[in-house]
A.B. asks: 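Structure in structure tokens, see below.
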Amino acid sequence: MEWIGMDWDEGPHKGGDFGPYLQSERLDIYRKHLETLAEGGHAYKCFCTADDLEAREEEITEEGGQWEGYDGFCRHLDDDEIAAKEAEGLPFAWRLRTPEEGSTFWYDIVLDKLEFQNELLVDRVIFKADGFPTYQFAVVVDDHDMGISHVLRGDDHVSNTPFQLLIYAAMGWKPPKFGHMPMILGPNKKRLSKRHGATNIGDFQNQGVLPAAMTNYLALLGWSPGGNADEVMTREAIIKKFSLKKVNSSPAAFDYDKLAHINSEHIKRLSADDRLDLAKPIVAKGGWSMDSDWLINGVEDDEGYLVRILGTLGNRFSNLVTLAEQIGFFFTEEHFVDQEAWNEHVAPESARAILVALSSAIEKTLDMDVAQPASAFEEVVRATAEEMGVKAGELIHPSRVALTGQTRSAGIFEVMELVGARRVVARMKNAANS
RNA sequence: GUCCCCAUCGUCUAGUGGUUAGGACACCGCCCUUUCACGGCGGCAACACGGGUUCGAUCCCCGUUGGGGAUGCCA
């Protein structure tokens with residue numbers, strides 16, 4: 001959450017006026033509220049064990065009946081029966097006594113009016129036999145005690161809401177406003193699962209997604225700025241435009257392609273300085289630095305080198321992972337190599353011959369002890385092509401793969417300039433002999 | 001099974017009781033080009049179905065179908 005810039009007002013390790021925040025430290029609070037409920041007759045002890053419940057469920061189902069989760073067995077025990085069971089030392093849980101008739105409804109911020117018939121609501125457990133509250137009870141208590149005004153959550157919680165509302169009612173508390181957002185489904189419209197790839201935001205971070213892009217894409221799921229408005233927005237723009245009232249109520253399928261697109265749009269709109277900030281950690285992580293022996297035209301230091309690299313790269317990267325692939329070969333011989341490209345453009349005999357011819361032409365024509373500009377490399381390449389009677393492209397493709405390990409890169413002559421004549425020659429010879 | 005939610009291009013969506021149903025992603029052409037991107041231009045493609053209501057329904061109502069969710073002494 002912190003990655004995409006979300007934070008919280010209070011909590012463990014952060015503090016606040018409504019602590020304690022750890023459930024274990026709040027036990028006494030839950031117990032106190034349970035007592036209130038019990039005194040008001042809104043909660044009762046249930047001595048049914050899991051086995052009891054299972055047996056009765058089987059019985060009812062066999063008779064063709066419908067088991068709704070609980071049959072109210074202990075709901076009507078009288079004081080003597082309860083005392084007897086307690087005397088036996090039977091463990092018990094507490095259940096909420098829900099109304100038998102009428103309905104529970106609320107006006108959902110996104111779904112509008114939602115209504116459930118009380119007779120369909122079962123008496124769910126609010127305090128377990130182990131002495132701990134259930135989630136249903138704990139959230140209500142916490143939200144109330146901490147002064148929560150709005151509960152916004154996934155619509156998989158819709159059917160929990162009437163039960164929670166009943167707890168608020170039983171406690172005599174004013175419930176918060178509820179808003180249920182559509183769920184995000186996988187690309188196949190089924191539940192989002194691991195097989196789809198990344199499912200939690202940390203995975204996206206590893207895949208080179210910018211936090212701003214992630215926020216942007218997520219906001220677009222179930223909401224839209226409307227009409228022909230630009231979908232690519234900064235956090236600030238989204239916050240300004242966003243409205244709960246415009247949130248869709250239908251579930252949305254997650255589309256990795258669109259996320260990638262939003263990501264690349266965000267990257268395209270980054271300033272040179274921002275790009276530099278993005279690239280620096282990658283360089284640091286690789287432990288890369290420039291060697292003055294490379295003799296690179298117009299470059300003084302590491303940062304200057306990186307700036308030049310980023311400049312020639314332009315918009316040729318759409319996420320942080322490809323960015324790493326696109327700058328690695330400038331710094332190290334241990335860079336990423338696309339095997340397929342290598343096999344196609346470097347491995348063939350003809351390509352090797354070309355690399356040998358071109359590398360020796362460069363060596364002969366250019367002064368290897370001086371930094372060379374792109375134009376110098378271009379001259380040699382074109383002249384060599386003419387000499388060999390082939391198009392320049394014939395030399396360019398093998399060169400690109402030999403130098404960068406990839407079929408895609410910035411303009412090849414700029415690449416040569418930034419790799420430096422010495423390494424250009426070395427890599428070409430190396431490739432020819434590989 | 002029961003209850004609840006949902007339904008516009010393949011996907012995310014805009015939109016209206018009368019529109020050539022708009023945009024974005026993806027996809028397909030073409031242009032640019034030393035590659036790959038970028039960019040530019042163009043194209044394909046949707047109101048789930050059946051009944052109503054109405055002069056007229058994509059839009060309102062009902063049903064069907066389809067999808068999702070909930071049905072825990074998990075959170």
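Below, chain A is the first sequence line, B the second, and so on; all start at residue 1.
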A.B. asks: Using the C1' atom in both, what is the distance from B:A46 to B:U19, to the nearest Å?
C.D. replies: 15 Å
A.B. asks: Rounded off to whole Å, could you give me the CD-to-C1' distance for the A:Q136 and B:U71 pair?
C.D. replies: 11 Å
A.B. asks: Would you call the rings of A:H157 and A:Y135 parallel, tilted or perpendicular, taking 30° and 60° as the class edges?
C.D. replies: tilted
A.B. asks: Take atom P in B:C38 and the same atom in B:G22, then report the distance between them in whole Å.
C.D. replies: 25 Å
A.B. asks: Would the distance check show the side chain of A:R75 and the main-chain N or O of A:R97 forming a donor-acceptor pair, the cut-off being under 3.5 Å?
C.D. replies: no
A.B. asks: Given A:Q164, which partner from the list A:T104, A:V139, A:L96 fulfils the side chain to side chain contact (heavy atoms under 4.5 Å, CB included) test?
C.D. replies: A:V139
A.B. asks: Checking all strands, does A:A252 fall into the base, sugar-phosphate, or nothing category for heavy-atom contacts under 4.0 angstrom?
C.D. replies: sugar-phosphate
A.B. asks: Take the angle between the ring planes of A:Y256 and A:F254 and call it parallel below 30°, perpendicular above 60°, tilted in between.
C.D. replies: tilted
A.B. asks: If you check the A:T134 side chain, which of B:C73, B:C12, B:A14 turns out closest?
C.D. replies: B:C73
A.B. asks: Could you encode protein contacts along nucleotides 58-70 of chain B as a string, one character per nucleotide from 5' to 3', using B for base contact, S for sugar-phosphate-only contact and - for no contact, with a heavy-atom cut-off of under 4.0 Å?
C.D. replies: ---------SSSS
A.B. asks: Name the orientation class of the two ring planes belonging to A:W223 and A:F242 (parallel below 30°, tilted from 30 to 60°, perpendicular beyond 60°).
C.D. replies: tilted
A.B. asks: What nucleic acid atoms does A:A253 come within less than 4.0 Å of, heavy atoms only: base, sugar-phosphate, or nothing?
C.D. replies: sugar-phosphate
A.B. asks: Roughly how far apart, to the nearest Å, are B:U20 and B:A37 at atom P?
C.D. replies: 39 Å
A.B. asks: Tell me the closest heavy-atom pair linking A:A402 and A:W342, and the distance in Å.
C.D. replies: CA-CZ3, 4.1 Å
A.B. asks: Return the CG to NE2 distance between A:L114 and A:H180, rounded to the nearest 0.5 Å.
C.D. replies: 8.0 Å
A.B. asks: Which nucleotide in the list B:U2, B:A75, B:C6 gets nearest to the side chain of A:K128?
C.D. replies: B:A75
A.B. asks: Assess whether atom NZ of A:K177 is packed by more than 12 heavy atoms of other residues, nucleotides or ligands within 6.0 Å.
C.D. replies: no
A.B. asks: Examine B:G39: is either OP1 or OP2 under 4.0 Å from a nitrogen or oxygen in the side chain of A:K268? Give yes or no.
C.D. replies: yes
A.B. asks: Output the rounded distance in Å from CD (A:E378) to P (B:U33).
C.D. replies: 14 Å
A.B. asks: Which letter, B, S or -, goes with each nucleotide of nucleotides 23-29 of chain B from 5' to 3', with contact meaning a protein heavy atom under 4.0 Å?
C.D. replies: BBSS---
A.B. asks: Between A:F116 and A:W223, which has a closest nucleotide on RNA chain B that is more 5'?
C.D. replies: A:F116
A.B. asks: How many Å lie between CD on A:E57 and P on B:G72, as a whole number?
C.D. replies: 8 Å
A.B. asks: May I ask you to check whether A:Q136 and A:N160 show a side-chain donor-acceptor distance below 3.5 Å?
C.D. replies: yes
A.B. asks: Rounded to the Å, how far apart are A:F137 CZ and B:C73 P?
C.D. replies: 16 Å
A.B. asks: Taking any strand in view, what nucleotide pairs with B:G18 in a Watson-Crick or G-U wobble way, both distances under 3.5 Å?
C.D. replies: B:C55
A.B. asks: My understanding is that a pair needs two contacts under 3.5 Å, Watson-Crick or G-U wobble. By that rule, which nucleotide pairs with B:A46?
C.D. replies: none
A.B. asks: Whole Å only: how far is the CG atom of A:L121 from the P atom of B:U2?
C.D. replies: 18 Å
A.B. asks: Give me the distance, rounded to whole Å, that separates B:A26 from B:U11 when you measure between the C1' atoms they each carry.
C.D. replies: 8 Å
A.B. asks: Please measure how far the P atom in B:U58 lies from the corresponding atom in B:U8, and state the result in whole Å.
C.D. replies: 15 Å
A.B. asks: For A:F116 together with A:F163, are the ring centres under 6.0 Å from each other?
C.D. replies: no
A.B. asks: Rounded to whole Å, how long is the line connecting atom CG of A:N248 with atom P of B:C47?
C.D. replies: 19 Å
A.B. asks: If you go through the side-chain atoms of A:R316, does one of them form a donor-acceptor pair with the base of B:C38 closer than 3.5 Å?
C.D. replies: no
A.B. asks: Check the phosphate of B:G15 against A:K246, side-chain N and O only, distance under 4.0 Å to OP1 or OP2. Yes or no?
C.D. replies: yes
A.B. asks: Suppose you measure atom C1' in B:A45 against the same atom in B:G29; what distance do you get, rounded to whole Å?
C.D. replies: 15 Å
A.B. asks: Could you measure the distance from the CD atom of A:E54 to the OG1 atom of A:T49? Nearest 0.5 Å is fine.
C.D. replies: 9.0 Å
A.B. asks: Figure out the CG/C1' separation between A:L403 and B:U34, and round it to whole Å.
C.D. replies: 13 Å
A.B. asks: Heavy-atom nearest nucleotide on RNA chain B for A:F317 versus A:S249: which residue maps closer to 5'?
C.D. replies: A:S249
A.B. asks: State whether A:E414 and A:R308 are salt-bridged, where the test is any N-O pair (Lys NZ or Arg NE/NH1/NH2 against Asp/Glu carboxylate O) under 4.0 Å.
C.D. replies: no
A.B. asks: Give none if B:A24 has no partner; otherwise give the nucleotide forming a Watson-Crick or G-U wobble pair with it, both distances under 3.5 Å.
C.D. replies: B:U11
A.B. asks: Let's test this: given Watson-Crick or G-U wobble pairing with both distances under 3.5 Å, identify the partner of B:U2.
C.D. replies: B:A70
A.B. asks: Flag yes if more than 12 heavy atoms outside A:E379 fall under 6.0 Å of its CD atom; otherwise flag no.
C.D. replies: no
A.B. asks: Can you pull out the residues from residues 405-421 of chain A that lie within a 4.0 Å heavy-atom distance of RNA chain B?
C.D. replies: A:T407, A:R408, A:S409, A:A410, A:G411, A:I412, A:F413
A.B. asks: In whole Å, what separates the C1' atom of B:A57 from that of B:G51?
C.D. replies: 13 Å
A.B. asks: Between A:L53 (CG) and B:U71 (P), how many Å, whole number?
C.D. replies: 15 Å
A.B. asks: Select base, sugar-phosphate, or nothing to describe what A:G69 touches, counting heavy atoms under 4.0 Å on all strands.
C.D. replies: sugar-phosphate
A.B. asks: When the C1' atoms of B:G17 and B:C32 are considered, how many whole Å apart are they?
C.D. replies: 47 Å
A.B. asks: Does B:U34 pair with anything, Watson-Crick or G-U wobble, both distances under 3.5 Å, and if so, with which nucleotide?
C.D. replies: none
A.B. asks: Give me the atom names and distance for the closest heavy-atom approach of A:R400 to A:S409.
C.D. replies: NE-OG, 3.0 Å
